[in-house]
Amino acid sequence: MSPVNRLQEVPTRPFHYAGARDRDLLCDRVSLARLVREYGTPLYVYSATNILGRVQLFAEAFAGMRATVCYSVKANSNLSILRLLAASGTGFDIVSGGELERVRQAAKSSLRRVVFSGVGKTAAEIDAALAARILVFNVESPAELDLLEQRARHLRKRAPVAMRVNPDVFAATHPYISTGMTTHKFGVAIGDATALYQRAAKSPYLVPTGVSVHIGSQIRVTEPFGQALQRVMEMVRELQSLHGIRIQHIDAGGGLGISYDDPAPTGKDRKDAQAFDPMAAVRGYAQHIRTALAGFDGDLLLEPGRFIIAQAGALLAQVLYTKRNGSKTFVVTDAAMNDLIRPALYQAYHSILPLRRQRNRPSAVVDVVGPVCETGDFFARDRELPALGAGDFLAILDAGAYGMSLSSNYNSRPRAAEVLVEGNRHRLIRRRETMRDLLAGERIFLNGGTE
Ligand SMILES: *Cc1c(COP(=O)(O)O)cnc(C)c1O
């Protein structure tokens, strides 16, 4: 079977109904009811097959180009997931010393495929990344370039540098995750980058090797990726022809979006939505990049996060109570905004499915909310769902990216456990946090004393 045919068998989402009369929600071939019995809720579940399928989609769409996927660690930084991705050959895009340490622990040999982004790298983080011999620093300001040179001189190393340029391109997405315009804090204005490359080229401690651009996240209309790279290419040509600086790699950043409102298997959820075709999405994206980079004789780096992991994951929760306030019905779950903050932070939509489908149950229009003391603590508002009662379980879909990685202990809630499914097998990849974990760093001071 050709790889392309095999890919078409990887469904958009790994969550589907099967079993007796198609009643049980599965991840790949594992019953989610079984996982909640074994590990409790709230519980994150991910499909390894789906994650690797997405990496393959990139490989196929960029075939013939010297392209490397550097998975964006902040989307989901679980060590097992990093190990899984590293084994499939990806590099990593990191934004902190903590993420560097995660890559070191999960996949030490992948450190040479790490790109380090972020507007606020500290001297200690730079030192750690220099010592780890990462692929490149994506530098976001003149002051950072100075600090990087100083630290490299101190450690007697040469730091590979890419300027993260801000191409001033508008990409339609939520304002909190748009990054590619001059009003945003990210990168250096593309017009100012040339001077920085000249400075770097003169330094014995800096090696200008690449250029990077990242215009935002959850971008569904892909033309802006091409526009940004056209501007990058103009700069790359000018650097070569006017200044003799040869750019060896272009980093196109991440940001490719997914559909969060795909028609769900119940048919009750967003009936009007178009089916999402991930292969078509990557191919369309790749086409814009290929066109913009035509004639570029170097390597291409890509930093997808969400597209790789979002649809591979779901957050499972149990219904604690249902209640009515005036005209509204609330379904209160044991998962909350501290587990998955996307609805509260970005007004994000997530499909919700019951783990056990009961065909003759009526549906109801409800708000699905958590126990946290914030009105923003909701997963769905005015959503038509099959009637849910106390004790029932549900799955909040497309929660693999910016779910667990954005979780917190707000309201002193221990963090959820995480499980990785592969075919009919599953593994606990993060145990549920305990109260002891939660309190471990704190000290009680009495009367100003220490005991
Ligand atoms: C967050 C981020 C990414 C990943 O974005 P996605 O939308 O998850 O693909 C890539 N590169 C940089 C620099 C980022 O900050």
Side-chain angles (χ1 to χ4, degrees), residues 51 54-55 57-58 61-62 67-78 81-82 85 90-96 98-100 102-103 113-121 125 129 134-141 144 162-167 169 171-181 184-188 210-222 224-225 228-229 232 249-260 278 281-282 285-286 289 300-313 342 345-346 348 398-406:
I51 295 167
R54 292 297 171 97
V55 174
L57 284 185
F58 269 83
F62 288 93
T68 304
V69 168
C70 293
Y71 166 75
S72 181
V73 172
K74 74 179 189 290
N76 187 316
S77 53
N78 183 285
I81 286 169
L82 301 186
L85 286 163
T90 74
F92 296 98
D93 167 47
I94 62 166
V95 292
S96 72
E99 290 187 350
L100 179 71
R102 284 183 175 276
V103 173
R113 284 194 289 269
V114 163
V115 304
F116 192 176
S117 307
V119 294
K121 301 177 192 78
E125 289 175 325
I134 64 165
L135 179 64
V136 66
F137 290 82
N138 286 344
V139 169
E140 304 216 15
S141 65
E144 184 192 329
M163 302 305 160
R164 172 164 172 189
V165 298
N166 187 319
V169 161
T173 184
H174 189 280
Y176 288 3
I177 49 176
S178 175
T179 59
M181 298 186 71
H184 298 136
K185 69 179 176 182
F186 298 97
V188 294
V211 51
S212 80
V213 66
H214 172 72
I215 57 174
S217 194
Q218 183 51 14
I219 296 167
R220 299 286 308 276
V221 177
T222 48
F225 291 111
L229 287 176
V232 165
H249 79 253
I250 292 177
D251 178 341
L256 181 60
I258 59 142
S259 165
Y260 281 95
V282 189
Y285 169 72
I289 293 180
L300 170 65
L301 304 181
L302 300 154
E303 303 172 348
R306 185 191 313 270
F307 196 86
I308 301 291
I309 188 84
Q311 297 191 292
R342 298 191 67 263
L345 195 56
Y346 311 119
D398 307 319
Y402 307 106
M404 189 65 181
S405 63
L406 266 167

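Residues take their numbers from the sequence shown, with the count starting at 1. In each ligand, atom 1 is the first atom listed, and ligand 1 is the first ligand listed.
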Numbering the atoms of ligand 1 from 1, which are under 4.0 Å from a heavy atom of Arg306? 6 (P), 8 (O), 9 (O)
Quick one: nearest non-hydrogen protein atom to atom 10 (C) of ligand 1, plus distance? Glu303 O, 3.2 Å
With side chains defined as the heavy atoms from C-beta onward, is the minimum distance between Ile51 and Tyr71 less than 4.5 Å? no
Closest approach of Asn138 to Ser117 (non-hydrogen atoms, all atoms of both residues): ND2-OG, 3.2 Å
Ligand 1 atoms in contact with Arg164 (distance to a heavy atom under 4.0 Å): 13 (C)
Can you confirm, on distance only, whether ligand 1 has an N/O atom lying under 3.5 Å from any N/O atom belonging to Ser217? yes
So for Gly255, does at least one of its heavy atoms come nearer than 4.0 angstrom to any atom of ligand 1? yes
Which distance, rounded to the nearest 0.5 Å, do you find between the CD of Glu99 and the NZ of Lys74? 7.5 Å
Looking at Phe137, I'd like to know if the NZ or CZ of Lys121 sits under 6.0 Å from its six-membered ring centre while staying within 45 degrees of the ring's axis. no
Least distance between heavy atoms, Ala401 atom then Arg306 atom: CB-CA, 3.7 Å
Around atom 15 (O) of ligand 1, find the nearest protein heavy atom and jot down its residue, atom name and distance. Lys74 NZ, 2.7 Å
When you compare ligand 1 with Gly253, is there at least one nitrogen or oxygen pair between them that comes in under 3.5 angstrom? no
Looking at every non-hydrogen atom in both residues, tell me the closest pair between Gly257 and Phe307 and how far apart they are. O-CD1, 3.5 Å
Using a strict cut-off of 4.0 Å, indicate which atoms of ligand 1 neighbour a heavy atom of Pro304. 9 (O)
Which atom names give the shortest non-hydrogen contact between Arg54 and Ile308, and what distance separates them? CG-O, 3.7 Å
Determine whether any heavy atom of Tyr402 lies closer than 4.0 Å to an atom of ligand 1. yes
Under 4.0 Å from a heavy atom of Ser117: give me the atoms of ligand 1 that qualify, with their elements. 13 (C)
